[in-house]
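Worth knowing before you read on, the calculation uses all heavy atoms, side chains too, and leaves out hydrogens, waters and symmetry mates.
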Amino acid sequence: MSKTTQQVRIEQRLKRRLVFFLFLSIVVLFAFIARAFQVQVMEGDLNYEKSQRVITKVVPLPAPRGEFFDRNYISRERAVVIVSNTTQLNLIAIPSHFKGKELEEKVRLLERLLRYKTGSLTSRIAREKIKNNDEIIIIENINEREHTIIADYYLNFSKFIIRQNIGRNYIMGESTAHITGFVGKPDTRDITQGIKSYQLLGKNGLEYQYDSILRGTDGEIIQIKTARGDIEEQKVLRNFVPGNNFILTIDADIQKTAYDAFGDKTGAVLVIHARTGEVLAMVSKPSFDPNIMVMPDNGIRREHVLKMKADKAELNRAISTKYAPASTFKPIVALAALEEGRITETQSYSCPGHWTLKSTIKGYPDRRFHCYGVHGNNDLVNGIAQSCSVYFYQLGYKIGAEPMIKYARYFNLDEKTNIDVPGEVPGFVPSPLWKEKNYNMRWFDGDTVNLSIGQGFIETTLIGLMNFYAAIANGGIVYQPHLVKEIRYAENDEVKMVNNPEVAFEIPIARQNLDTIRRALRQVSLSGTTRYAFSGTKIAIAGKTGTAQTISTARKHNQSQHAWFVGYGPYQGNSDDVIVVGVFIDKGMWGASYAAPIARRVFDAWQKKLDAKTTGNPVPGEKTTGKKENEKLQN
């Protein structure tokens, strides 16, 4: 059957198209082969090298944290370092480098191999809201054993990163723990506020108070890695700015002396420069070891944390606890009476060892208040020197509660000092209105008598009470207590900020009344309750002891009484050399026997420093009252 002309034309047209497409396919194939030859053979080595290189995300470059130095700073090379930085290795994971539950499985393997508590490492990848490309610190400060095990199991942990980082070294350890505090990893709340999981944050103390200044600004680096994850090349995109260095007001020698002198007691020692408010020493015990607190979560750290909780060791007892001030409050009562014109310093009362408060309420018996000794007739100066409670029972009853409350509040005993370290609590000064509101009872004469010897409802902190004694030393002026002397740039050591002395408040005190209180406080050391504790001291000390009674079954053995001493020295001489020393011992029994000897060691250490720069002059014209040298010193 012959084909039609139209059919022939269609076949020819199809053949031409088939030949065209066949030719085009051959050309494309030859082009592909040629390109493959070029890529695989002619440029094979170059392209293989490129295939092994991957530009990863920008990696943070952590800034070194600012360091702490003591007050006698001259230069970085000539300084006493309190807190420094150390280098350490951290094990890091990036979630996006792992598939499914691979990261969790690898971390569990780490826990078993490194003998970590089950869940202690996996919690770090579960509890935080972390993005896939964020870096998570799995283990901080890897030790040699851990590093060896990770290396032995390299194939299991090849996706993890070991990176050098900056850690913290608390050189003075427990002795300055309540000053420096310590650092730690951010919690969930910190991360939601923009803090990175690898950063260290201050958890308490100055590390917390000045965290943002100490932390500095992180830099950034770009890393080029091989396909296996090995870093081949990296360059700094933006360099870090290190945190600022802090020159503290702390004198390392005085701090160590106070810490050692306090022994294993519970309480605090505080030393403040009277004319500047600079804190030379701040000791609180029981203490804790900040170097353990910055360790990874292991058995040693967990045991230390449990001991801290049992001892309430994180509590800074120099600023965070308040107790009845006992006899250290008597000079305030005396000053209130003098300033209000209710007595003169010659006012005398007889002490037979007790005093009876006549009842003004029908059906209620008279109440007898006791003194620790029999002191005979005393004027104001000797009443303070001998800490005669009978003298102050009668004085307080005479002037009433209002002047005592008024002057306690004048000296801010019921307020915070706002020292630049966290945790301070205010003291408490009671009033008739407060008692009626809280106890639905009126203020009794017995409350007034108790207040006159610093007992009853009144409570003060150690630092708050020291403000009063600083005011006596300074003529009514109290300087703002502080722990930071200077802040310097770490890069060039230039001064960024100087914390100049600042007047916190000033109480106008008549010169005659001020001199009376000063002489009375000096007489405490010459012939009063601390005459044995301060016997033979080169430095002239003025101060007051206190023994606070508590409600306890151990009271009959004097084991529940708290011991106080607060004083200043040198008593006369260069006012720029005067320091105020405060000692509080929880259940310390007697102020004169236990608190004052600790203060003496601090004063002796201070005198050595004064001797090193100048020759001390004896205090002229001092006399003692000669009152009963054989009396038992309990107050």
Kindly check if the number of other-residue, nucleotide or ligand heavy atoms within 6.0 Å of [atom1] ([X]) is above 12?
X: Tyr208; atom1: OH; answer: no
X: Lys203; atom1: NZ; answer: yes
X: Lys406; atom1: NZ; answer: yes
X: Glu402; atom1: CD; answer: yes

Handout entry: Salt-bridge contact Lys312-Asp586 (side-chain N to carboxylate O under 4.0 Å)
Key =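 No, no charged N to carboxylate O under 4.0 Å.
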
Handout entry: Arg600 and Asp604 ion-paired at < 4.0 Å
Key =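 Salt bridge: yes.
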
Practice task
Apply the side chain to side chain contact (heavy atoms under 4.5 Å, CB included) test between Val279 and each candidate in Val484, Leu248, Leu483; give the one that qualifies.
Solution key: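 That would be Leu483; it is the only one of Val484, Leu248, Leu483 passing the side chain to side chain contact (heavy atoms under 4.5 Å, CB included) with Val279.
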
Practice task
Run through Ile384, Val524, Thr547 and flag the one making a side chain to side chain contact (heavy atoms under 4.5 Å, CB included) with Thr529.
Solution key: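 Single side chain to side chain contact (heavy atoms under 4.5 Å, CB included) partner of Thr529 among Ile384, Val524, Thr547: Val524.
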
Checking the side chain of [X] only, and the main-chain atoms of [Y] only, is there a donor and an acceptor separated by less than 3.5 Å?
X: Gln455; Y: Ser327; value: no
X: Asn474; Y: Ala274; value: yes
X: Arg275; Y: Asp577; value: no
X: Arg409; Y: Val429; value: yes
X: Asp414; Y: Pro426; value: no
X: Ser320; Y: Gly423; value: yes
X: Asn382; Y: Asn378; value: no
X: Asp251; Y: Ile254; value: yes
X: His482; Y: Pro501; value: no
X: Thr530; Y: Ala533; value: no

Between atom [atom1] of [X] and atom [atom2] of [Y], what is the distance when rounded to the nearest 0.5 Å?
X: Ile250; Y: Leu206; atom1: CD1; atom2: CG; answer: 8.5 Å
X: Leu380; Y: Lys330; atom1: CG; atom2: NZ; answer: 12.0 Å
X: Leu610; Y: Lys608; atom1: CG; atom2: NZ; answer: 12.5 Å
X: Asn169; Y: Glu67; atom1: CG; atom2: CD; answer: 9.5 Å
X: Thr180; Y: Met172; atom1: OG1; atom2: CE; answer: 9.5 Å
X: Gln480; Y: Asn418; atom1: CD; atom2: CG; answer: 6.0 Å

Quick one: does [X]'s side chain get under 4.5 Å of [Y]'s, heavy atoms only?
X: Ile405; Y: Pro432; result: yes
X: Asp260; Y: Lys256; result: yes
X: Leu521; Y: Pro331; result: yes
X: Val80; Y: Asn72; result: no
X: Met293; Y: Val305; result: yes
X: Arg317; Y: Pro286; result: yes
X: Met282; Y: Asn316; result: yes
X: Gln255; Y: Ile82; result: no

Problem - Among Phe411, Tyr410, Phe329, Tyr407, ring pair (Phe, Tyr, Trp, His ring centres under 6.0 Å) partner for Phe468 - result: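 Going through Phe411, Tyr410, Phe329, Tyr407 one by one, the ring pair (Phe, Tyr, Trp, His ring centres under 6.0 Å) with Phe468 is satisfied by Phe411 alone.
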
Handout entry: Reference residue Tyr349; test ring pair (Phe, Tyr, Trp, His ring centres under 6.0 Å); the match among Phe392, Tyr393, Tyr391
Key =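 For Tyr349, the ring pair (Phe, Tyr, Trp, His ring centres under 6.0 Å) test succeeds with only one of Phe392, Tyr393, Tyr391, which is Tyr391.
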
Exercise: identify the closest heavy-atom pair between [X] and [Y]:
X: Glu345; Y: Leu338; answer: N-CD2, 3.9 Å
X: Val566; Y: Met466; answer: CG1-CG, 3.9 Å
X: Tyr170; Y: Phe182; answer: OH-CA, 3.1 Å
X: Val449; Y: Ser452; answer: O-OG, 2.5 Å
X: Cys371; Y: Val390; answer: CB-CG2, 3.6 Å
X: Arg601; Y: Thr257; answer: O-CG2, 3.5 Å

Practice task
Classify the side-chain pair Glu339/Asn513 by whether it contains a donor and acceptor separated by less than 3.5 Å.
Solution key: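 Yes, a side-chain donor-acceptor pair sits under 3.5 Å.
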
Problem - Side-chain H-bond candidate by donor/acceptor type, Glu424 with Thr461, under 3.5 Å - result: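 Side-chain D/A pair, Glu424 to Thr461: absent.
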
Exercise for the section: Measure from the ring center of Tyr323 to the ring center of Trp564 and say whether it is less than 6.0 Å. Expected result: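 Aromatic pair excluded; centres sit 6.0 Å or further apart.
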
Exercise for the section: Determine, using ring centers only, whether Phe565 and Phe534 are less than 6.0 Å apart. Expected result: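 Ring-ring flag for Phe534/Phe565: true, centres closer than 6.0 Å.
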
Handout entry: Audit row: Val381, Thr516, side-chain contact (heavy atoms from CB on, under 4.5 Å) steps and yes/no
Key = CA-CA 7 Å; Val381 170; Thr516 299; 4.2 Å; yes

Problem - Val602 and Leu280: CA distance, side-chain angles, deciding distance, side-chain contact (heavy atoms from CB on, under 4.5 Å) verdict - result: CA-CA 11 Å; Val602 174; Leu280 303 180; over 6 Å; no

Under 30°, 30 to 60°, or over 60°: which ring-plane class applies to [X] and [Y], parallel, tilted or perpendicular?
X: Phe457; Y: Trp443; answer: tilted
X: Phe369; Y: Trp355; answer: tilted
X: Tyr73; Y: Phe69; answer: perpendicular
X: His273; Y: Trp606; answer: perpendicular

Handout entry: Cation-pi geometry met for Lys285 and Tyr259 (6.0 Å, 45°)
Key =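 Here Lys285 passes the 6.0 Å and 45° test against Tyr259.
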
Handout entry: Step-by-step side-chain contact (heavy atoms from CB on, under 4.5 Å) determination, Ser175 to Ser287
Key = CA-CA 7 Å; Ser175 67; Ser287 189; over 6 Å; no

Practice task
Start with the C-alpha distance between Leu395 and Ile399, add both sets of side-chain angles, then the distance that settles side-chain contact (heavy atoms from CB on, under 4.5 Å), and finish with yes or no.
Solution key: CA-CA 6 Å; Leu395 178 59; Ile399 68 174; 4.2 Å; yes

